[in-house]
Amino acid sequence: MFTGFTPEAIDFLWGIRLNNNRDWFLEHKKQYVTQVYEPMKALGGELFEPFSQEPGNILKVSRIYRDTRLHHPDPYKESLWLCIRQDVEWWSEAPCLSFEINPEGVRYGFHIWSPRPAAMAQFRKRITENPREFLELMASAQAALGKPITAASYRRPKETDNPDLVPYISWKEHLGCLWQEEPGPGIFSPELKDRVADRFRKLVPVYNYFNQIMV
């Protein structure tokens, strides 16, 4: 059962940022396991439950160890994350509902970091052929969430004959709707899970729409 993170979890993540070496990590490994990794696994399991019956959905929970194939100079990550997504080869190309804890607090919501150009071409085709479907989705999502879905756009705008699609037709990457919470009582409480779960639930129509295009 997820009971919230603790100030010690944030302390550990600050510690690994400032002391990213094996000796420091081994000295504080128990703190990592009990205060960061195990709560993250518990949170992930509870958040994933409503998604577990939908075909193709998987839960991924990261660990602190970096992939040695990336040849990064630091052996450990300074954040942990979980994501709910379809079972695809490369997560950054897929729609994700994600949660991350880092030294600055927590961040969660919906994102697609680096969609394939072909997928974005398919996105432009779909919204051009059925603009009402997409525009109603964006309007209902913003009304439910209190903030819009945004994205980075191509430097050279794509053309459209529909003025209502102008804000969207040039989307390229970093699609998302994310919330950031700083360390404090809000994240050191079991109610954190309820806030994240509520926003994940409201993001499901957006998640499903983009899965039809991207996967």
Side-chain angles (χ1 to χ4, degrees), residues 2 5 40 43-44 46-51 54 56-62 79-86 88 90-102 104-117 119-124 126-128 130-154 157-158 160 164-184 186-187 191-215:
F2 179 71
F5 291 101
M40 181 68 85
L43 176 61
E46 294 181 35
L47 291 174
F48 185 62
E49 188 173 344
F51 297 88
E54 295 297 323
N57 281 331
I58 62 171
L59 169 70
K60 289 289 185 179
V61 180
S62 72
S79 67
L80 254 69
W81 52 260
L82 63 86
C83 71
I84 297 167
R85 58 172 173 81
Q86 294 282 290
V88 294
W90 189 241
W91 68 268
S92 69
E93 297 177 349
C96 294
L97 297 170
S98 68
F99 175 94
E100 178 187 37
I101 183 168
N102 53 52
E104 285 74 30
V106 299
R107 184 172 65 162
Y108 56 89
F110 166 81
H111 64 81
I112 315 172
W113 286 139
S114 301
R116 291 173 288 112
M120 295 311 294
Q122 179 63 25
F123 163 73
R124 291 190 295 274
R126 178 158 175 172
I127 67 173
T128 298
N130 195 345
R132 181 175 178 180
E133 172 196 39
F134 177 73
L135 293 170
E136 288 182 351
L137 173 66
M138 292 294 99
S140 62
Q142 181 164 341
L145 298 164
K147 61 190 305 184
I149 311 297
T150 62
S153 296
Y154 289 96
K158 303 290 183 180
T160 176
D164 293 331
L165 293 179
V166 169
Y168 311 103
I169 200 72
S170 297
W171 279 4
K172 178 184 179 183
E173 59 189 356
H174 300 163
L175 285 71
C177 185
L178 297 167
W179 286 262
Q180 178 83 33
E181 296 188 26
E182 296 180 354
I187 69 172
E191 283 73 33
L192 172 63
K193 182 206 75 174
D194 298 330
R195 293 195 301 281
V196 178
D198 177 66
R199 283 167 176 160
F200 278 13
R201 177 181 59 81
K202 292 174 179 175
L203 283 162
V204 164
V206 177
Y207 172 74
N208 289 339
Y209 180 88
F210 282 99
N211 268 321
Q212 295 171 15
I213 301 170
M214 303 293 173
V215 179

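Side-chain contact between P115 and E173 is present, with heavy atoms from C-beta onward closer than 4.5 Å. Side-chain contact check for L192 versus E181: some heavy-atom pair is nearer than 4.5 Å. Side-chain contact between I127 and W171: absent, with no pair of heavy atoms (C-beta onward) separated by less than 4.5 Å. Counting only heavy atoms from C-beta outward, the side chains of I58 and R85 approach each other to under 4.5 Å. Considering only heavy atoms from C-beta on, W81 stays 4.5 Å or farther from R107 through its side chain. Side-chain atoms of F48 and L82, non-hydrogen and from C-beta on, never get closer than 4.5 Å to each other.
Distance alone, capped at 3.5 Å, is enough to place a donor-acceptor pair between the E46 side chain and the F2 backbone. T160 places no side-chain N or O within donor-acceptor distance of the main-chain N or O of V166, the cut-off being under 3.5 Å. A distance-only check finds no donor-acceptor pair linking the side chain of R124 to the backbone of Y168 [under 3.5 Å]. Between the side chain of S62 and the main chain of L80, no donor-acceptor pair closer than 3.5 Å is present.
The two residues S170 and K158 make their nearest non-hydrogen contact at OG-N, 2.7 Å. The two atoms that bring R116 and M214 nearest to each other are NH2-O, 3.0 Å, heavy atoms only. The two residues F5 and M40 come nearest to each other via the heavy atoms CE2-N, 4.0 Å. When all heavy atoms are compared, the tightest approach of N102 to S79 is CB-CB, 3.7 Å.
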Given the rule in the ring pair (Phe, Tyr, Trp, His ring centres under 6.0 Å) test, do F134 and Y209 qualify, once you have shown the distances and angles that lead to the verdict?
CA-CA 9 Å; F134 177 73; Y209 180 88; 5.7 Å; yes
Should F200 and F99 be marked as a ring pair (Phe, Tyr, Trp, His ring centres under 6.0 Å) after you check the CA-CA gap, both sets of side-chain angles, and the distance that decides it?
CA-CA 10 Å; F200 278 13; F99 175 94; 8.1 Å; no
Could you walk me through whether E93 and V88 satisfy the side chain to side chain contact (heavy atoms under 4.5 Å, CB included) test, starting with their C-alpha distance in whole Å, then the side-chain angles of each, then the deciding distance to 0.1 Å, before giving a yes or no?
CA-CA 8 Å; E93 297 177 349; V88 294; over 6 Å; no
Show the numbers, then the answer: is there a side chain to side chain contact (heavy atoms under 4.5 Å, CB included) between Q86 and N57?
CA-CA 5 Å; Q86 294 282 290; N57 281 331; 2.9 Å; yes
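With rounding to the nearest 0.5 angstrom, the CG atom of L203 is 7.5 Å from the CZ atom of F110. Taken to the nearest 0.5 Å, the CZ atom of R199 stands 7.5 Å off from the CZ atom of R195. Atom-to-atom distance recorded for K60:NZ and C83:SG is 8.5 Å, nearest 0.5 angstrom. Taking OG of S92 as the reference point, atom NE2 of H174 lies at 9.0 Å (rounded to 0.5 Å). Atoms CD and CD1, from E54 and I84 in turn, are 11.5 Å apart once rounded to the nearest 0.5 Å. Atom CG in L59 sits 9.5 Å away from atom CG in L43 (nearest 0.5 Å).
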Compile the donor-acceptor pairs under 3.5 Å between side chains in residues 135-148 and protein atoms, sequence neighbours left out, one pair per line.
residue, atom, partner, partner atom, Å
E136, OE2, R132, NE, 2.9
S140, OG, E136, O, 3.0
S140, OG, L137, O, 3.0
K147, NZ, L178, O, 2.5

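Partners of D198 under the salt bridge (charged side-chain N to carboxylate O under 4.0 Å, His left out) rule, at least two apart in sequence or in another chain, are R201, K202.
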